[in-house]
Structure formats: C-alpha cells, structure tokens
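To find a chain, count down the sequence lines: A is the first, B the second, and so on, and within it residues start at 1. It should be emphasised that the depicted structure is a prediction, and the values quoted were computed from it without experimental measurement.
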There are 2 protein chains.
Amino acid sequence: MTELEKGPTGRRRGRGARERILGASQQLFREQGINRTGMDQLCAVAEVSKRTAYQHFTGKDELVAEYLRRFDPSVLSGVFDRTDLTPRERLLAAFDIPPTTPLCPYIGAAVELNDPQHPASQYARDYKKAVAARLADTAREAGAADPEQLGEQLALLIDGAAARTRVLNTDAFPTAAAIAAVLIDNAIPATASDDHRREEVSS
Amino acid sequence: MTELEKGPTGRRRGRGARERILGASQQLFREQGINRTGMDQLCAVAEVSKRTAYQHFTGKDELVAEYLRRFDPSVLSGVFDRTDLTPRERLLAAFDIPPTTPLCPYIGAAVELNDPQHPASQYARDYKKAVAARLADTAREAGAADPEQLGEQLALLIDGAAARTRVLNTDAFPTAAAIAAVLIDNAIPATASDDHRREEVSS
DNA sequence: TGTTATGTACACCGCCCTGTGTGCTTACCG
DNA sequence: CGGTAAGCACACAGGGCGGTGTACATAACA
C-alpha cells in the first residue's frame with residue numbers, strides 16, 4: 001500500500017488512484033462478491049471519487065476483468081517456480097493454499113456474471129486452462145505417463161476443493177491433496193516417484 | 001405443466017399458483033442465476049400476479065430456499081436407488097450426469113448469495129453432506145476400506161466437475177469419472193472390485 | 001345461493017445500482 | 001513559475017430491484 005502511492009498509474013504521473021481502485025477491488029470482490037459490491041462502496045474504500053474511477057475504467061465490467069487479471073503471480077508462479085521442490089512435490093504444493101483464499105475468484109466470477117461472453121468469464125477460462133497446462137508441464141517433468149491427463153485431473157481437484165470449501169465452509173483441500181497423491185503415484189510409471197530428479201539444495 | 005394446474009397448492013384448493021411459481025423458479029434461477037432474476041420477470045413467466053407470489057412466499061429468500069429443496073429426487077435417488085447395478089457401478093453412475101445439468105444449483109446459490117446464514121446456503125450444505133453420506137453408504141456396500149473417506153472424495157470430484165464444467169464450458173465429468181474409478185479400485189482392498197456382489201440381473 | 005379463500009391488475013414506494021455533468025483543487029514537471 | 005493533467009466533491013439521471021396497498025374477479029364449497 002506504500003508503494004502504490006507512487007506506482008505508475010498507467011500513464012505517467014498522478015497519485016495512484018488506479019492502483020487503489022484495484023486494491024479495493026481485490027478486497028471487496030473477494031469478501032462480498034462482485035454483484036454485492038457497489039461502485040459507491042468500492043470508491044469509498046479506495047478513497048477515490050467515483051468520477052475518477054470511471055475515468056480509469058469505462059465501466060464495472062472492465063474493472064472486474066482487470067481485477068481478475070491481477071492474480072496469477074501470487075498463486076500460480078508462487079508454486080510452480082519453486083526450485084526447492086521436486087516436480088512431484090510441486091504438484092502437491094498446489095494444494096497447500098491453506099486458509100486465506102476463500103474461493104477461487106475465477107469460479108466466483110463465472111458464476112456471478114453468468115455470461116460466458118463477459119470478458120472476465122473469458123479470462124477465467126484462459127486462466128483455468130493455463131493452470132492445467134502448468135500442472136501438465138510439471139507432471140511431464142515428474143515423468144508422468146500422460147501429463148495432459150494428470151494436469152487436467154489435478155486442476156479438477158483444485159476446483160473441486162475450492163467449490164466444496166465454499167459451499168460447506170470447511171477446508172476441502174486436504175482431501176483433494178490425498179486424491180492428488182494417489183493420482184500422481186498411479187501416473188508415474190517407474191518407482192521414481194521421488195528424489196529421482198532432486199539436486200543438492202540445502203547447505 | 002398440465003398436472004400442475006390442479007396440484008395441491010399447499011392448502012386445499014385454488015388453481016396452483018404456488019406450483020407455477022416454483023416451476024418458473026426452476027427454469028429462471030437455473031438459466032439466469034438467482035440475482036439476475038427479478039420477481040417481476042419470475043411472476044410474468046409463472047403467469048402469476050406479484051401479489052400472489054408474496055402471499056405464498058414471505059420474500060424472495062424463502063422462495064430461493066424452497067427452490068433448492070425441490071431437487072434431490074431427480075439426481076440423488078435416481079442414481080443410488082438403482083438395483084440393476086453393483087455398488088461399484090452405482091458409485092460411477094453418479095458421474096453420468098451428461099449434458100443437461102449446467103451447474104449444480106447448490107454451488108451456484110452458495111456463491112450468489114454469499115451468506116452462510118441464508119437458509120438456502122444452509123440447505124445447500126445439508127444437501128452436500130447428504131450426498132457425501134449416500135456415497136459413503138454405497139462405498140461401504142462396495143466393500144471400501146474407508147467408506148467415509150471415499151464418499152468425501154467422490155463428492156469432491158462431483159463438485160469439481162460441476163465447477164469446472166461451468167467455468168470452462170466443457171464437460172468435465174468424464175475426467176472426474178476416470179479419477180473416481182482409480183479411487184474406487186484403490187479403496188476396495190480385495191480383488192473384489194466387481195461382480196463379487198453381483199446377482200443374476202439380465203435374463 | 002352466498003361466503004370465503006384464492007388469485008388478479010396496476011400503481012406505487014423506497015432503495016440501491018451503474019453511470020454522468022459540472023465546476024473546482026491539487027500535484028507534478030518542464 | 002506556470003501549464004496541464006490527475007483527481008475531487010456533489011448532485012443527479014435513469015432504471016431495476018424487492019416489496020406493498022387497494023380494489024376487483026373468480027372458483028370452491030356450504
């Protein structure tokens with residue numbers, strides 16, 4: 001929040017209204033959902049006048065789409081780029097999204113918007129495909145027989161855990177991780193399930 | 001729609017406004033979602049005056065809750081009560097919800113309402129638990145080592161397939177069924193994965 | 001037949017929503 | 001220092017929403 005005040009507003013100067021708006025979007029859309037968050041409230045939290053908001057984003061739809069685009073780094077890269085884990089461990093680490101994330105916002109957006117043509121829905125699709133692809137890449141790296149299939153399966157598990165966590169209000173990711181372990185072990189042909197690619201890491 | 005015109009309205013007589021309202025709810029809440037369906041439109045489709053609707057249901061919330069309560073028989077009982085299948089086949093048959101169902105309405109309601117205290121959200125939780133319980137029962141019947149765990153796992157797969165189908169606009173149930181087959185075979189200890197309980201069925 | 005529950009037609013309220021118009025202030029940067 | 005873009009405050013339009021009030025019609029049953 002400190003660095004936001006000087007961040008590039010998209011043009012060249014200014015005091016970072018755009019970033020504050022997107023920050024408030026992250027917070028409110030997550031906590032309350034998209035439809036239940038009005039632009040008035042959002043602008044109040046962002047400490048931005050409504051006029052300014054509509055000068056940065058042509059409408060709420062565009063804001064929602066941009067809000068979704070600001071996510072991947074935290075989860076996606078944060079897991080797949082770890083070099084201290086074997087590929088197999090990286091696949092399992094994708095299920096270690098412990099308490100904070102209430103629901104994958106892409107699922108929420110797709111359900112709330114209820115319009116496959118909406119830019120945000122399209123981006124949600126792209127993102128889900130990208131996650132499955134990265135999982136497939138890692139699966140290939142781990143030596144899976146059919147990496148695409150395993151990637152798609154693991155992606156389904158993540159979405160299932162997210163949805164179920166939301167509906168039941170209990171953490172379903174451990175269950176998903178257990179399934180994932182079974183699938184991974186079944187998909188990797190040799191006994192090379194672990195430390196077959198591990199290099200010296202610590203010390 | 002023909003029988004609805006004479007069905008018991010809940011009291012004793014009348015021309016079935018309540019049933020028409022619930023029928024319209026099924027249609028519209030599914031097609032458009034809950035929040036995007038106004039009472040005006042709903043009453044128009046149900047061919048019911050708005051005044052009548054609010055005499056049957058104290059508010060939209062109650063209508064939504066009642067709408068969710070009218071579902072299980074079609075899917076839940078329709079699968080688990082089949083006697084022509086082995087327990088294992090019944091577990092897999094739960095993934096044969098082919099094209100019609102766009103999204104499990106319980107997930108949709110939980111996301112759209114965004115309020116765990118809402119009666120509909122509570123019922124959604126109950127329903128999900130009930131499904132998991134029935135899956136666990138069938139898993140026990142099939143001889144699974146840990147039926148509760150398998151039931152929970154299969155329920156997660158179903159939800160994952162539903163969510164993923166919704167977001168990606170492609171049928172994810174085959175993938176879920178493949179995972180289910182693996183889990184089931186892994187969970188049943190002996191080689192008695194099939195026809196160990198099957199009786200003579202056809203001819 | 002007449003009473004009563006049931007349903008209808010239609011206007012209406014207050015609220016919140018997305019989105020604008022207008023005029024003013026501030027901060028940056030040459 | 002001055003120009004200019006960024007941002008602000010405030011009021012307002014237009015519409016959909018959930019929900020209601022009132023007066024009238026009809027079907028069922030006594």
Fill in: Any donor-acceptor pair under 3.5 Å from R20(A) side chain to E47(A) backbone
yes
Worksheet item: When the distance from NZ of K60(B) to C1' of dC17(D) is rounded to whole Å, what number comes out?
Response: 8 Å
Item to complete: Begin from the C-alpha positions of T138(A) and L154(A) and carry the test side-chain contact (heavy atoms from CB on, under 4.5 Å) through to its verdict.
Response: CA-CA 11 Å; T138(A) 310; L154(A) 295 181; over 6 Å; no
Practice prompt. Round to a whole Å and report the spacing from CD of Q41(A) to P of dG19(C).
Written response: 16 Å
Fill in: Distance, rounded to the nearest Å, where Q32(A) contributes CD and dC17(C) contributes C1'
14 Å
Fill in: With sequence neighbours excluded, residues passing side chain to side chain donor-acceptor pair (under 3.5 Å) with T58(A)
E62(A)
Practice prompt. Check whether any side-chain nitrogen or oxygen of H56(A) sits under 4.0 Å from OP1 or OP2 of dG7(D), and answer yes or no.
Written response: yes
Discussion item. Let me spell it out: for each of Q55(A) and D40(A), pick the nucleotide of DNA chain C with the closest heavy atom. Which residue's pick is nearer the 5' end?
Written reply: D40(A)
Worksheet, complete the sentence: Residues of residues 44-52 of chain B with a heavy atom under 4.0 Å from any atom of DNA chain D, listed by number, are K50(B), R51(B)
Worksheet item: What residues, two or more places apart in sequence or in another chain, satisfy side-chain contact (heavy atoms from CB on, under 4.5 Å) together with S25(A)?
Response: I21(A), F29(A), L42(A), L63(A), Y67(A)
Worksheet item: Taking the side chain of Y54(A) as its heavy atoms from C-beta onward, which of dG19(C), dT8(C), dG7(D) lies nearest to it?
Response: dG19(C)
Discussion item. Could you go through T37(B) and E31(B), starting from their C-alpha distance and side-chain angles, then the distance that decides it, and tell me whether this counts as side-chain contact (heavy atoms from CB on, under 4.5 Å)?
Written reply: CA-CA 9 Å; T37(B) 300; E31(B) 290 175 1; over 6 Å; no
Worksheet item: Checking all strands, does T58(A) fall into the base, sugar-phosphate, or nothing category for heavy-atom contacts under 4.0 angstrom?
Response: nothing
Discussion item. Per the ring pair (Phe, Tyr, Trp, His ring centres under 6.0 Å) rule, what does the pair list look like for residues 134-155 of chain B, sequence neighbours excluded?
Written reply: none
Practice prompt. Applying side-chain contact (heavy atoms from CB on, under 4.5 Å), name anything that partners A161(A), two or more places apart in sequence or on another chain.
Written response: A172(A), F173(A), A176(A), L156(B)
Item to complete: Check whether any side-chain heavy atom of Q153(B) lies under 4.5 Å from a side-chain heavy atom of V182(A), and answer yes or no.
Response: no
Discussion item. Rounded to whole Å, please give me the gap between CD in E62(A) and C1' in dG19(C).
Written reply: 14 Å
Item to complete: Send over the distance from E19(B) CD to dT6(C) P, rounded to a whole Å.
Response: 14 Å
Worksheet entry | Between dG19(C) (C1') and L63(A) (CG): distance, integer Å | 13 Å
Worksheet item: Considering only heavy atoms, which members of residues 111-122 of chain B lie under 4.0 Å from some atom of DNA chain C?
Response: none
